[in-house]
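Throughout, protein chains are lettered first and strands after them, A, B, ... in sequence-line order, and every chain is numbered starting at 1. All values below were derived from every heavy atom in this structure, side-chain atoms included, with hydrogens, water molecules and symmetry-related copies excluded. Keep in mind that this is a model prediction, so the values were computed, not measured.
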Protein chains: 2
Amino acid sequence: MYQQAGSVGQDEPMSKPLYRQVADTLRAEIADGVFGPGDDLPSERELRERFDASRNTVRQGLQLLVSEGLLNSSQGRAYQVRSHEIFVLNASKFENLQFSQREDGDSYDNEVLHSGRQPHQEFRVEMVKVPQDIAERLKVAPGEQGVLRFCRRFVDDTPWSTQATHYPKWLVDAHPRLAEPDDIEEGSTRYLADRGIEQIGYHDELMTRMPTPEEARELQIGPGVPLLIWIRTGFSTDKPVRCTRTTFRGDLNHITYDLGDLRALTTRGDLH
Amino acid sequence: MYQQAGSVGQDEPMSKPLYRQVADTLRAEIADGVFGPGDDLPSERELRERFDASRNTVRQGLQLLVSEGLLNSSQGRAYQVRSHEIFVLNASKFENLQFSQREDGDSYDNEVLHSGRQPHQEFRVEMVKVPQDIAERLKVAPGEQGVLRFCRRFVDDTPWSTQATHYPKWLVDAHPRLAEPDDIEEGSTRYLADRGIEQIGYHDELMTRMPTPEEARELQIGPGVPLLIWIRTGFSTDKPVRCTRTTFRGDLNHITYDLGDLRALTTRGDLH
DNA sequence: TAGTGGTCTAGACCACCGG
DNA sequence: CGGTGGTCTAGACCACTAA
């Protein structure tokens, strides 16, 4: 059934390694719905028999699927097909993504509150040295102090994203509430705007990479789930005012932008 | 030196598995520059001695780093520290990302042409059934035919991204050059605009995930490199006109958006 | 407690790369 | 050719989960 690796077929098929056959077969079965989201896969022992392979080989195949983000695994329990509910953030509309607060009008476009999920967030404020990369974006001297307002968001106790906003020292000196450890009721962007510091332009950067071990721990993600990173630098008329780095679990989040005239979108229909 | 797994320390440290110690140690050394971009790592045999571990255990640790995108590996050669040159695409400025063509003014913001790299692209046009997800975005019946204009871009023969644009049948019927197999000189968006079909709004979606095996082959990426996916739907005054899905190697590409008034950014300085 | 996955070993053979 | 990584096996012990 499953060809041995190494001994190459005469002419063309150049047999795939066994562990890849295992992965490909299971991947196809997941795609076909033989195993649906949340289902348990057969145990390693059963797969070993089915594919006539050693345990390590079966594990190597399963590991591949884990690293593709298709499976979850944890000690003592069967491999499980991942299921995804995706949160969509419209970055061109929403200035502050604030959970469980005024959802006036259009404040964010999520499927969270509309599906009985329970969002919450952890919040903290620190005085820290502005990290090098942020300092460049804020155009402040490397090593300068600044305020970090940090937030980690959860949905039903699943970590969803972390958000770190840095404010330069000159701004904090002029508007000290930025450094206070409470959530700013009206939103810090609004607070600044009310005090004459208006953000009239944004520079957004989007990128992806695999999490570091710390990030993986913080967002409780295993291998195989990439991060989606969104860095927004907010500008007043003459200089950068703040820099926010939001780190999302890539498997649970999409970001959208609406540009230009979208009157044709008013009948949104089944558009994602 | 390196604690055994299993036998738990009395009170707290709960020793890490050996393969993680291998990975963590090497990761730190890469971060510290002990091994720079492009450098070879010591061979598995040497690492086995250094960490006093079996070959499989060392391999497991190395595999972790590969899956984090830090290392490349291929048969017969040493593990190599990945090096990244990142291409930045400003999605709010550039309608068509066209390689090696009129770079009038600001047409794209890359470090490619400015560093002596050689870009090129493969191009093809097909008549295909519009895929389900694209059909939703184009608001056409699922299963309907449409034109697919496909492009794969390279930099110095490294696959960089693939781009697939779907046009609905009604548009192609009215403007048949969309279905012709040549590159449209002036750009297809321009071609349409000249014929009265102007795209006045865009809906962009950004997401990340690990590549499927096909995608990994097409972009020549190994495990540990996530994809960055950008889906742009272009709208005329009353309906969607085209849908473009661009699939980037996440390790080589960033996307940016400029929103609002960015006069403060004119002195771009060291801002990325 | 039985069954699952997590970690680890020792050794084998192979394919590929470079000198 | 020698050295590298790629694949695979057989078996061991452990930690965790669920019944």
Side-chain angles (χ1 to χ4, degrees), chain A residues 1-9 13-24 26 35 38-67 70-82 216 222-224, chain B residues 1-9 13-24 26 35 39-67 70-82 213 216 222-224:
Chain A
M1 345 267 86
Y2 297 97
Q3 302 178 305
Q4 281 286 68
S7 58
V8 183
M14 177 51 170
S15 74
K16 268 182 294 193
L18 224 194
Y19 80 96
R20 279 170 136 311
Q21 298 178 42
V22 172
D24 292 348
L26 293 174
F35 305 108
D39 286 359
D40 283 359
L41 249 54
S43 72
E44 292 179 350
R45 193 185 56 75
E46 292 173 276
L47 293 173
R48 209 176 66 213
E49 287 168 12
R50 171 172 172 196
F51 291 97
D52 189 32
S54 77
R55 186 176 169 218
N56 279 342
T57 299
V58 166
R59 281 177 65 79
Q60 203 178 348
L62 289 165
Q63 191 49 48
L64 227 187
L65 298 184
V66 169
S67 83
L70 290 174
L71 297 180
N72 273 327
S73 74
S74 60
Q75 221 172 32
R77 272 181 317 183
Y79 288 82
Q80 212 172 33
V81 179
R82 275 197 180 133
Chain B
M1 3 249 84
Y2 298 98
Q3 302 178 302
Q4 281 284 69
S7 57
V8 183
M14 178 51 169
S15 76
K16 269 181 295 191
L18 224 194
Y19 79 96
R20 278 171 138 308
Q21 298 179 41
V22 172
D24 291 349
L26 293 174
F35 305 108
D39 286 359
D40 283 359
L41 249 56
S43 71
E44 291 178 351
R45 192 185 56 75
E46 292 173 274
L47 294 173
R48 207 176 68 212
E49 287 167 13
R50 170 172 174 195
F51 291 98
D52 189 31
S54 77
R55 184 175 171 217
N56 280 341
T57 299
V58 167
R59 282 177 63 78
Q60 204 179 346
L62 290 166
Q63 190 50 47
L64 227 188
L65 299 184
V66 169
S67 83
L70 290 175
L71 297 181
N72 272 328
S73 75
S74 59
Q75 222 172 30
R77 271 180 318 181
Y79 288 81
Q80 211 173 32
V81 179
R82 274 193 182 138

Please list, pair by pair, any protein nitrogen or oxygen found under 3.5 Å from a nitrogen or oxygen in nucleotides 17-19 of chain C.
none

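- Between its two ends, the helix from C/dT1-D/dA18 to C/dG18-D/dC1 turns its axis by 10°, counting five pairs per end and rounding to 10 degrees.
- B/Leu64 and B/Ala23 get closest at one heavy-atom pair: CD1-CB, 4.0 Å.
- Side-chain atoms of B/Gln80 never come within 3.5 Å of backbone atoms of B/Ser73 as a donor-acceptor pair (strictly under, hydrogens ignored).
- The side-chain contact (heavy atoms from CB on, under 4.5 Å) test applied to B/Arg82 returns B/Asn72, B/His84, B/Val225, not counting sequence neighbours.
- Going from atom CG of B/Asn72 over to atom C1' of D/dG6 covers 16 Å, rounded to whole Å.
- Remark: A/Arg45 engages A/Ser43, A/Arg48, A/Glu49 in a side-chain contact (heavy atoms from CB on, under 4.5 Å) (not counting sequence neighbours).
- The side-chain contact (heavy atoms from CB on, under 4.5 Å) search around B/Leu47 returns B/Leu26, B/Pro42, B/Phe51, B/Val58, B/Leu62, not counting sequence neighbours.
- At a threshold of 4.5 Å between non-hydrogen side-chain atoms, the residues A/Leu70 and A/Val81 do not count as touching.
- Under 4.0 angstrom from either OP1 or OP2 of C/dG6 there lies at least one side-chain N or O belonging to A/Tyr79.
- Here B/Arg55 contributes atom CZ and B/Glu44 contributes atom CD; the two are 4.5 Å apart, rounded to the nearest 0.5 Å.
- Per the geometry, CG belonging to A/Leu41 stands 19 Å off P belonging to C/dG3, to the nearest Å.
- Atom-to-atom, CG of B/Leu18 to C1' of C/dT9 comes out at 11 Å; the value is rounded to the nearest Å.
- In this structure, the CZ atom of A/Arg59 is 17 Å from the P atom of D/dG11, given to the nearest Å.
- In the set D/dG5, D/dT9, C/dT4, D/dG5 carries the atom at the smallest distance from any side-chain atom of B/Ser73.
- The residue among B/Asn56 and B/Arg45 whose nearest nucleotide of DNA chain D is located toward the 5' end is B/Arg45.
- Summarising the geometry, the separation between CG on B/Asp40 and P on D/dG3 is reported as 16 Å, rounded to the nearest angstrom.
- In this structure, A/Leu65 atom CG and C/dG5 atom P are separated by 14 Å, rounded to whole Å.
- A/Thr57 is linked by a side-chain contact (heavy atoms from CB on, under 4.5 Å) to A/Leu18, A/Tyr19, A/Ala53, A/Ser54, counting only residues two or more places apart in sequence or in another chain.
- Summarising the geometry, the separation between CG on A/Leu64 and C1' on D/dG6 is reported as 13 Å, rounded to the nearest angstrom.
- Between B/Leu62 and A/Ser54, the residue whose closest nucleotide on DNA chain D is further toward the 5' end is B/Leu62.
- The base of C/dT7 lies close enough to the side chain of A/Arg55 for a donor and an acceptor atom to sit less than 3.5 Å apart.
- Two residues are said to be in side-chain contact when any heavy atoms from C-beta on lie closer than 4.5 Å; B/Tyr79 and B/Asp40 fail this criterion.
- Note: CD (A/Glu49) to P (D/dA10) measures 13 Å, nearest angstrom.
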